[in-house]
Undergrad: 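Below: one structure in structure tokens.
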Amino acid sequence: MRIATYNVNGIKARLPRLLEWLEETKPDVACLQEIKSVTEGFPVREVEEIGYHCLVHGQKAFNGVAILSRKPARLVMTGLPGEDGLESGAEDQARYIEADYEGVRIASIYLPNGNPLPGPKFDYKLRWMERLRKRAAELWDAEIPAVLTGDYNVAPEDRDVFSASAMAGDALIEPESRAAWRAILAQGWLEALRAVHPQDDGLYTFWDYQAGAWPRDAGLRIDHHLLSPTIADRLMNAQVDKEYRGRDRASDHTPVWIDIAD
DNA sequence: ATGGTGGAGGGTCCA
């Protein structure tokens with residue numbers, strides 16, 4: 001079974017890229033982030049026409065996540081538990097959706113970027129990561145086979161960025177962000193792409209639109225799959241679908257997938 | 001010269 005993640009950066013602009021990627025690589029499950037659409041605006045008909053079911057958690061203009069699957073998946077939750085203290089009437093950001101598919105709990109995650117730093121956006125990132133850590137602990141303690149995948153907006157190590165000095169002071173490599181990432185991993189989750197490619201540097205999943213980042217290969221590795229133990233035991237392969245970043249009207253992220261034994 | 005580009009949506013924000 002192939003489980004992929006793809007930050008599409010706007011479903012309306014990216015629909016042709018999404019459809020061709022699904023048809024060419026045929027993932028069983030595709031976790032999407034940054035659909036930048038309300039739930040009702042997601043192109044369900046076009047996606048269903050090529051053989052995928054849709055679970056969508058959207059909001060206007062920003063964020064938004066989805067889980068597409070070959071067979072119907074069962075929605076477990078939208079939104080992470082927690083975040084008491086939201087101002088009255090404020091709504092949480094659409095960054096988390098969790099579903100069951102073929103005996104695997106799958107979450108599509110769009111973790112806050114957190115820039116600029118310091119400030120309220122970075123504070124929100126750290127609070128959100130703590131909520132994610134708690135949700136991950138619940139799944140872990142219940143021994144639910146799980147894949148937590150998406151855009152974590154954290155490059156775990158300096159070798160996961162094209163230049164740590166160029167990125168100095170950025171929320172994606174900030175020590176507090178990395179510590180919060182490690183606090184989740186410390187529960188025991190396996191980071192699949194790094195596990196399959198332990199020695200590979202220059203293994204990136206995102207290249208900024210600006211400053212010629214793609215032609216310079218000035219990328220970051222920020223899209224990840226975290227696997228619970230019984231899924232980790234079934235991990236066969238993991239890879240970055242790099243070529244999609246180079247296509248016309250590409251997202252600034254490229255898809256990443258894992259294959260687990262059926 | 002505090003840049004550069006892209007998406008969504010509406011008279012700018014987010015990344």
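Just so it is clear, the model here is predicted, and its values are computed rather than measured.
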Undergrad: Going 5' to 3' through nucleotides 8-15 of chain B, assign each nucleotide B (protein heavy atom under 4.0 Å from a base atom), S (under 4.0 Å only from sugar-phosphate atoms) or - (no protein heavy atom that close).
TA: SSS--BSB
Undergrad: I'd like the C1' distance from B/dA15 over to B/dG3, given in whole Å.
TA: 16 Å
Undergrad: Quantified in whole Å, what is the P atom distance between nucleotide B/dG6 and nucleotide B/dG10?
TA: 22 Å
Undergrad: Can you tell me, in whole Å, how much space there is between the P of B/dG9 and that of B/dG4?
TA: 25 Å
Undergrad: Other than A/V38, what residues sit in its cluster of Ile, Leu, Val, Met, Phe, Trp and Tyr side chains whose heavy atoms are under 4.5 Å apart, directly or through others?
TA: none
Undergrad: Test of understanding: with salt bridge (Lys or Arg N to Asp or Glu O under 4.0 Å), list the residues that count as partners of A/E102, not counting sequence neighbours.
TA: A/K71
Undergrad: If the condition is ring pair (Phe, Tyr, Trp, His ring centres under 6.0 Å), which residues does A/H253 pass it with, not counting sequence neighbours?
TA: A/F206
Undergrad: With sequence neighbours left out, write down each residue that passes ring pair (Phe, Tyr, Trp, His ring centres under 6.0 Å) with A/W257, or none if nothing qualifies.
TA: none
Undergrad: How does the hydrophobic cluster around A/L126 look, that is, which other residues are in it when side-chain heavy atoms under 4.5 Å mark a link?
TA: A/L117, A/F122
